[in-house]
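Computed from a prediction, not measured in an experiment: that's the story for all the values here.
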Amino acid sequence: MPISARSHSARWAAVAAVTVLATTVAGCSSGKGGGDPKGGASPSGSVSASAPSGPIPVGPGPQSAYTVQQQPSPGSCHVHYTADKQPLPDPKCTPGATNPKVTPQTLKTTICQSGYTKGIRPPVSITGREKTANATSYGYTGPLHDAEYDHLISLQLGGDPNDPRNLWVEPPSPGHKPGAGPNNPKDGVENKLKAAICAGKTDLAKAQQAIAHDWTTALSTLGLKE
């Protein structure tokens, strides 16, 4: 075969090889990495689904007069569970929201000052109505008396007082006695995180991220004692 013919043939072979390679790569990236081939969300029981994506939203902060906040549409939110059946919120509905008044520079005059959270907490006349509506958002049908209308990022960790992104009807934890009212082991974790923040043992933003992601792993994530 003449050199020019061989060169022409080689160029076509190279083009064909590149085409095949591109097709193969496109096929690999089209989405068979273990997820839903239709692009669906993770099952509601998945712990990974509880992780908020991106920075935590900043709420409006404490108000002199609170108003009832609109909640997500009925049935649009889904509870997720850890391996030991602790309930976690839906990150699409409840990613958390921070109080802009609480910063590393204001810790001494905000969350590390005794009585601060009591002064910014919304009244039951507001949160009671929100709780009922949020139960519908999450499809919670159990006794509201046994569920806690919980700040995902608690007030003592710089969570926003009444941003709907930071509040949800948290079902009872395993072992809860029906009719006994809320008994949330998350509270103990929040107390330890606040103590660590105020003692300078952990960073405010990191603590907020850890509690928003999964309160059951927050202490270990930050290297703090359980």
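Sorted pairs that involve residues 122-187 and meet disulfide (SG to SG under 2.5 Å), not counting sequence neighbours, are lacking altogether. Pairs engaging residues 128-168 under the disulfide (SG to SG under 2.5 Å) rule: none recorded [sequence neighbours left out]. Legend: disulfide (SG to SG under 2.5 Å) pairs involving residues 63-97, not counting sequence neighbours, sorted by first then second residue: C77-C93. Applying the salt bridge (charged side-chain N to carboxylate O under 4.0 Å, His left out) test to every pair with at least one member in residues 182-191, sequence neighbours left out, gives these pairs: D150-K186, K186-E190. Applying the disulfide (SG to SG under 2.5 Å) rule to pairs touching residues 118-180 yields nothing, sequence neighbours excluded. Among pairs with a residue in residues 180-204, none fulfils ring pair (Phe, Tyr, Trp, His ring centres under 6.0 Å), at least two apart in sequence or across chains.
The structure places NE2 of H80 at 9.0 Å from OG1 of T94, a figure rounded to the nearest 0.5 Å. To the nearest 0.5 Å, atoms OG (S137) and NZ (K131) are separated by 14.0 Å.
Residues forming a side chain to side chain donor-acceptor pair (under 3.5 Å) with D160 (at least two apart in sequence, or on another chain): none. Taking the side chain to side chain donor-acceptor pair (under 3.5 Å) definition, one finds that N191 meets it with Q156, sequence neighbours left out. By the side chain to side chain donor-acceptor pair (under 3.5 Å) test, K192 is found to be paired with no residue, residues two or more places apart in sequence or in another chain being considered. With sequence neighbours excluded, no residue forms a side chain to side chain donor-acceptor pair (under 3.5 Å) with S114.
Hydrophobic cluster membership for L144: Y140, Y149, L167, V169 (Ile, Leu, Val, Met, Phe, Trp, Tyr linked by side-chain heavy atoms under 4.5 Å, directly or transitively). Other cluster members for V124: none, since no ILVMFWY side-chain heavy atom sits under 4.5 Å from it.
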